[in-house]
Amino acid sequence: MSSLKTDTIQEEPEKEHEHVIERLRVRLSKTPLTIVVFGASGHLARTKTYPSLADLFQEKVLPKTLNIIGYARSKLTQKEFHAQISESLKLGDRLQEFLSYCTYFQGEGYDNDDSLKKLGEYMKELENEKIKKESLKCKTKAANRLFYLATPPNVFGQLSEKIKKHLSHHPIKNRDDHSKKKEEEEAEIGWKRVIVEKPFGEDSESCEKLLAAMGEHLEESEIYRIDHYLAKEMVQNLLVLRFSNTLWDSLWDRRSIKCVKISIKETEGVDGRGGYYDEYGVIRDVFQNHLLQILCLIAMEAPVHLQADDIRTEKQKQPTTTTTTVGSQANGSISQPPFFVVGQYGASADGKLPSYLQDPSIKKLNPTSKQVTFAQMVLFVQNRRWNGVPFICKCGKALDNKNAEIRIQFKNDELSLYPDAVINELVIRLQPSEAIWLRLNTKTPGFARFQSTYPTYLDLTYQTRFGHHF
Ligand SMILES: NC(=O)c1ccc[n+]([C@@H]2O[C@H](COP(=O)([O-])OP(=O)(O)OC[C@H]3O[C@@H](n4cnc5c(N)ncnc54)[C@H](OP(=O)(O)O)[C@@H]3O)[C@@H](O)[C@H]2O)c1
């Protein structure tokens, strides 16, 4: 019985998955594709961008006419660059094949006309070689070009200008994003896309300035602002879990839910990367993007469709507030729980791990920094569904363990026949290993134990259930 059920469940997602990949494969195979990673010598490129490209390569989504060019100022030979990006690639015997698509182009800077003009010529040269090699009968006159800006945001504006000036097939006119004409033109000349990672500035004003600097040279439909956290398996799963299981429909609100806990904990400290971190801190780096995105996915109403715009519209409707009582102690006792706690990590008890201020990069840049590395806030979503339900959110660096999880705790029934029963809890673990647990009470197994409850979990650990993918 159970094996029959397992087989049936496993087949369906597999088919859908293949279908989406096949569509992408076909779409991308028609035109040569060049991906330029700016800031290729850095942390984001090495730990996230190249590994994600390698995943797409493993899925056989990327076309054979692919070129991936890493651009940065650092002096690196091709061999050194390959060694650097290979550190995070899990490609086994396909590593060399992937690396054969990846080249490194050293330039003088991100606003240097000469270097970027040469990059444009280099791109053209590689694209023509691939077209010849693959004897591609291209309908398009030029390649699709994707620019991934893995650089600090201070160069986004100037890079946008140079992309338009030196790296585009021709200037794009302003026109309605969804008009047919643009699609037709892109089908003929190849498209251009520019991806930037959060954070987009430090506040609304600097964000608007940054977006305006990019918008001066690129069309809105060409810019993709991303938060890579949304691509995590379990974050993507939140919509499916919530809106495909009718089981939750009558439970997902203040009547049944006591509280929601969301935490993203890291064991690593700032580890020499204080230049970026000290400017932003944990609230701008994690809280206002990754954590609030998760909160919205838990709290939102069902979108009209699963299109990006529909999901965004529903997320934006969440009116969150927090009580600004900072955790303070009067005469050593706390009269009410703090709603807002912030802190900065110290050295480990055995002194082996440095404090934030002892990190070499912070020592050098800002030795008396007050930057926040831990934050906990209790947020309330003020609408009919969630009124009064605390969303206890916390995140931080250099903590006791590394994990990210959501805990949805249900209310107890005061009239329960079993006063020792534990509360029901739905736990969604995002990392390190994806899992969903549902805490339930069962009868303590064995003879005559029918009056005592036994707390246990329904356990959907992804590694066990979908092993080959996780
Ligand atoms: N690292 C992550 O996990 C992560 C996650 C999410 C978002 N982000 C965002 O992604 C961007 C890049 O992050 P990262 O961690 O890769 O940063 P990074 O290592 O400090 O910078 C990436 C590269 O950009 C160049 N660069 C550094 N500082 C520069 C400056 N002031 N002006 C011009 N170029 C500079 C350097 O290359 P060359 O000197 O060789 O040119 C460096 O290797 C940042 O905006 C960051 O907030 C990063």
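Values below: every heavy atom of this structure, side chains too, minus hydrogens, waters and symmetry copies. Each residue takes its place number in the sequence, starting with 1. Remember, it's 1-based here, ligands and their atoms both numbered in the order they're listed.
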In plain terms, say whether [X] and [Y] are close enough for a salt bridge, that is, a side-chain N and a carboxylate O under 4.0 Å apart.
X	Y	answer
E127	R145	yes
E80	K75	no
D114	K117	no
K397	E266	yes
R385	E301	yes

- Message: Once you restrict to heavy atoms under 4.0 Å, what part of D285 touches ligand 1? Side chain, backbone, both or neither.
- Response: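 No part of D285 comes within reach of ligand 1.
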- Task: Consider every N or O of A45 and every N or O of ligand 1, then say whether any pair is closer than 3.5 Å.
- Result: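 The answer is no, given that A45 and ligand 1 share no N or O pair closer than 3.5 Å.
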- Within-cut-off N or O pair, R273 and ligand 1, under 3.5 Å: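 N/O-N/O distance under 3.5 Å: yes.
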Give me the nearest non-hydrogen protein atom to [atom] as residue plus atom name, then the distance to 0.1 Å.
atom	answer
atom 6 (C) of ligand 1	H228 CE1, 3.4 Å
atom 1 (N) of ligand 1	H43 ND1, 2.7 Å
atom 41 (O) of ligand 1	Y110 OH, 2.6 Å
atom 35 (C) of ligand 1	R73 NH2, 3.2 Å
atom 7 (C) of ligand 1	K198 O, 3.1 Å
atom 44 (C) of ligand 1	T151 O, 3.7 Å
atom 42 (C) of ligand 1	S41 OG, 3.8 Å
atom 16 (O) of ligand 1	L44 N, 2.7 Å

- Should one rank G70, G42, G109, P152 by closest heavy-atom distance to atom 24 (O) of ligand 1, which comes out on top?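 Looking at heavy atoms only, the winner is P152.
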- Is a side-chain donor or acceptor of R242 paired with a backbone partner of L297 at a separation under 3.5 angstrom?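 Yes, because the side chain of R242 sits within donor-acceptor range (under 3.5 Å) of the backbone of L297.
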- Sub-6.0 Å ring centroid separation between F81 and Y50: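 Yes - the distance between ring centres of F81 and Y50 falls below the 6.0 Å cut-off.
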- Query: What class does the angle between the rings of F105 and Y71 fall in, given that below 30° is parallel, 30 to 60° is tilted and above 60° is perpendicular?
  - Reply: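 Because their plane-to-plane angle is under 30°, the rings of F105 and Y71 count as parallel.
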- Looking just at side-chain N and O atoms, do N237 and Y462 make a donor-acceptor pair shorter than 3.5 Å?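 Yes.
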- Query: Taking only heavy atoms of P153, which atoms of ligand 1 are found under 4.0 Å from at least one of them?
  - Reply: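 In order of number, 45 (O).
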